[in-house]
Undergrad: 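Submitted below is the structure of interest, expressed as structure tokens.
What you see is a predicted model, and the numbers here were worked out from it, not measured in a lab.
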2 protein chains.
Amino acid sequence: MSSRTPKPSDDEALQSGRRRATINDVARLAGVSKKTVSRVINRSPSVRPETREKIEAVIAQYGYAPDPQARGLAFRRSFLIGLIYDNPNPQYVVNMQLGLLDGMRGSGFELVVHPCDRGSTTLVPDIRAFIERQKLFGVVLTPSVSEDEAVAEMLREIGCEYVRVASIAVDAEAHSIVTRDRHGGLLAGRHLAGLGHRRVGFISGPDRFRSSHERRGGFEDGLKEHGAALAADCVAEGAYTFESGMEAAARLLALKDRPTAIFAGNDEMAAGVLHAARQAGLSVPGDLSVIGFDDFQIASRVWPALTTIRAPTREIGRVAADRLLGVTEGDRRDPEWRMPSLVVRESTAPPKG
Amino acid sequence: MSSRTPKPSDDEALQSGRRRATINDVARLAGVSKKTVSRVINRSPSVRPETREKIEAVIAQYGYAPDPQARGLAFRRSFLIGLIYDNPNPQYVVNMQLGLLDGMRGSGFELVVHPCDRGSTTLVPDIRAFIERQKLFGVVLTPSVSEDEAVAEMLREIGCEYVRVASIAVDAEAHSIVTRDRHGGLLAGRHLAGLGHRRVGFISGPDRFRSSHERRGGFEDGLKEHGAALAADCVAEGAYTFESGMEAAARLLALKDRPTAIFAGNDEMAAGVLHAARQAGLSVPGDLSVIGFDDFQIASRVWPALTTIRAPTREIGRVAADRLLGVTEGDRRDPEWRMPSLVVRESTAPPKG
DNA sequence: CCGACGTGAGACACCGGTGTCAATGCTGCG
DNA sequence: CGCAGCATTGACACCGGTGTCTCACGTCGG
């Protein structure tokens, strides 16, 4: 009994559940030192099995759980994981959160959310302050912050664990989760060209998003497989927003030789394309096929429901959490399940005539 | 100088910024005890102005910020706020998060997200474990967990600060933020009846959501103002989901004397109504007016764009954070800005003939 | 001039864990 | 039988703050 005996009232509170057990209580009740209890908690191998069992019995009996704050203070590190994002799409954010929580369940870690502004001049110090203040265990970065090298460098400098979710490998394997946007684009290209479309349009996301380029690159590859190609005048830049999609589509549909199909960089913009088509008096998919990217809720809410590329955002989130927490099994297991896939609905059809 | 002098290497690290300053450093450099520094941090009045200034100068010079974990350990409380929700709508969740973060900015608190399952039999113990483990400062509950009395009682029992966001006052004023769904329903009723609709339909949310009843109640009030009423056969129960809205609408549209307008409990279901109308060969708003609730992104993405009731979710979030952190000014200032409001788009029109 | 009193500040223990190092007991070997 | 060597365990300091109590130092009234 290394620690001072508690006042009777304290012990009473513990018995009745009004007070949570601490490591001192467990040590006292098990008749060992708190350090040994600490060893059991941390799975140190140098504890005799019978001692371990005795301690574990007390832990179970009183439902003891170590205090993350005290533990963190001693470890100089908290049990919090930060999600740092700069993404206008709520669907993406929520799915990513759900995926991360899937991967963190039962780990004792919690998720702290931190939206930020990629364009801010104080981006790096802001993120740094956030991490250092809370002594975060690690952070997950999603596009487009994940594509910022200055942020990554700062993270390395301060020694913070991190995982970057991006459409290409932007970092060492341990820090990078690839979303294979290029493959998604390929599926879109194959699908449209396979239906017989030859003059097709593409609406990209913002230039600063790596995914904009990957989706386009894959798209062109897919078209090529069927002998089609993306004409320069059929490319318009959007901003991954509904309005930008609508405007970009209006431009494409105003061309003399207008495309018979449009691949929009995400579902939001694809919804904008549908509106533009309606305003131009074109029917979808009769006069114009439309394909999106993401397969978020909106894809099935609009009319006609969008053919789109499903991005496994939630699954990606789970893998990111696993990676951060050092879980490695299941990660390589069948990488297919976290590849983008084609979801055919009603917005695509062969071209007329 | 109460604390031991650090090794020269430590001091060097501090100077170069490689090590963050602690309260001991500040105390030593200011020539006071750490307790006095603590007093300055906590705005204790019993510090002489000149002493305070001296300490504040050192704090500013070294960019000292107290460690939330150490502080939390001593306070027996963390600087984390939990968002506990059970809401299938990502738009709602993200807007609420943004609002909370608005209110928390600069406070030194962080937001931890915690989705849960209202239907789970272990709901109360799960939430309790979450709070006690992290010693949360407080939590924000949103519908429908916010309407669970067992959860609220547990929170009171363990002495956790909390704010419940709900459509009616479910608790003492300090713990309750009212979203005035009834008023929103009223606006919808006035709008439809004002346009001349007399036979109108209503699709409610799930029974366990208080908002389902409030929106309906307000709706009936609004109809009554114009001498209209909600017939019993024109009410269908949905689940606040797209599919449920579609199914409920299909039932209403199959009535012999079908309604000329439908008020759906939220935008997701309203989108479902649009699909059902299309399948029934009805044009909106020509043959059928549709009005939703929330004014989330989807409302303007569908076609025709939805007339809907805008719920100021983000603003509500900000108020919730203010309330939790004890900010009271600005709270009562102009309550209008956080009332639901009518947004007229293209899905409503006077009935034919 | 003296004692009561209020104010500002420090000493010390404590919050609930972990790191370091020394002590203990047991085993195997010369 | 004596001792090196390993496996276990504990004592103690420490992580970076706060609560409690004490003390030194005026000030003021009698």
Undergrad: Taking only N and O in the side chain of B/T36, is any of them less than 4.0 Å away from OP1 or OP2 of C/dA9?
TA: no
Undergrad: Which parts of nucleotides 16-26 of chain C does protein reach within less than 4.0 Å, heavy atoms only, written one letter per nucleotide 5' to 3' as B for base, S for sugar-phosphate only and - for none?
TA: BBBBB------
Undergrad: Which pairs, with at least one residue in residues 118-141 of chain A and sequence neighbours excluded, count as a salt bridge (Lys or Arg N to Asp or Glu O under 4.0 Å)?
TA: A/R118-A/D148, A/R128-A/E132, A/R128-A/E157, A/R133-B/E110, A/K135-B/D67
Undergrad: Hey, which of A/L141, A/T142, A/V151 is the one that makes side chain to side chain contact (heavy atoms under 4.5 Å, CB included) with A/R164?
TA: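 The passing option is A/L141.
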Undergrad: Residues in salt bridge (charged side-chain N to carboxylate O under 4.0 Å, His left out) with A/D102, at least two apart?
TA: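 If we apply the salt bridge (charged side-chain N to carboxylate O under 4.0 Å, His left out) test to A/D102, skipping adjacent residues, the hits are A/R105, A/R314.
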Undergrad: Please table the atom pairs, donor to acceptor, closer than 3.5 Å between any side-chain atom in residues 43-51 of chain B and protein atoms at least two apart or in another chain.
TA:
| unit_1 | atom_1 | unit_2 | atom_2 | d |
| --- | --- | --- | --- | --- |
| B/S44 | OG | B/S46 | N | 3.3 |
| B/S44 | OG | B/S46 | OG | 3.2 |

Undergrad: Quick one: list whatever passes side-chain hydrogen bond (donor to acceptor under 3.5 Å, both in side chains) with A/Y92, sequence neighbours left out.
TA: none
Undergrad: For the helix from C/dC1-D/dG30 to C/dG30-D/dC1, what angle separates the axis at the start from the axis at the finish, each from five pairs, in steps of 10°?
TA: 60°
Undergrad: Could you work out, with ring-ring contact (aromatic ring centres under 6.0 Å, His included) as the rule, every residue matching B/F109, not counting sequence neighbours?
TA: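 Expected list: B/F79, B/F137.
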Undergrad: Among residues 47-56 of chain A, which residues get a heavy atom nearer than 4.0 Å to DNA chain C?
TA: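 Listed by number, there are none.
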Undergrad: Considering residues at least two apart in sequence or located in another chain, which fulfil the side-chain contact (heavy atoms from CB on, under 4.5 Å) criterion with A/A320?
TA: A/L100, A/V140, A/V163, A/V165, A/I177
Undergrad: Applying ring-ring contact (aromatic ring centres under 6.0 Å, His included), name anything that partners A/F75, two or more places apart in sequence or on another chain.
TA: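 None.
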Undergrad: Who passes ring-ring contact (aromatic ring centres under 6.0 Å, His included) against A/Y162, sequence neighbours left out?
TA: A/H175
Undergrad: Going by the rule side-chain contact (heavy atoms from CB on, under 4.5 Å), which residues pair with A/A169 if we only count those two or more places apart in sequence or in a different chain?
TA: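 Checked A/A169 against side-chain contact (heavy atoms from CB on, under 4.5 Å); matches are A/S176, A/V178.
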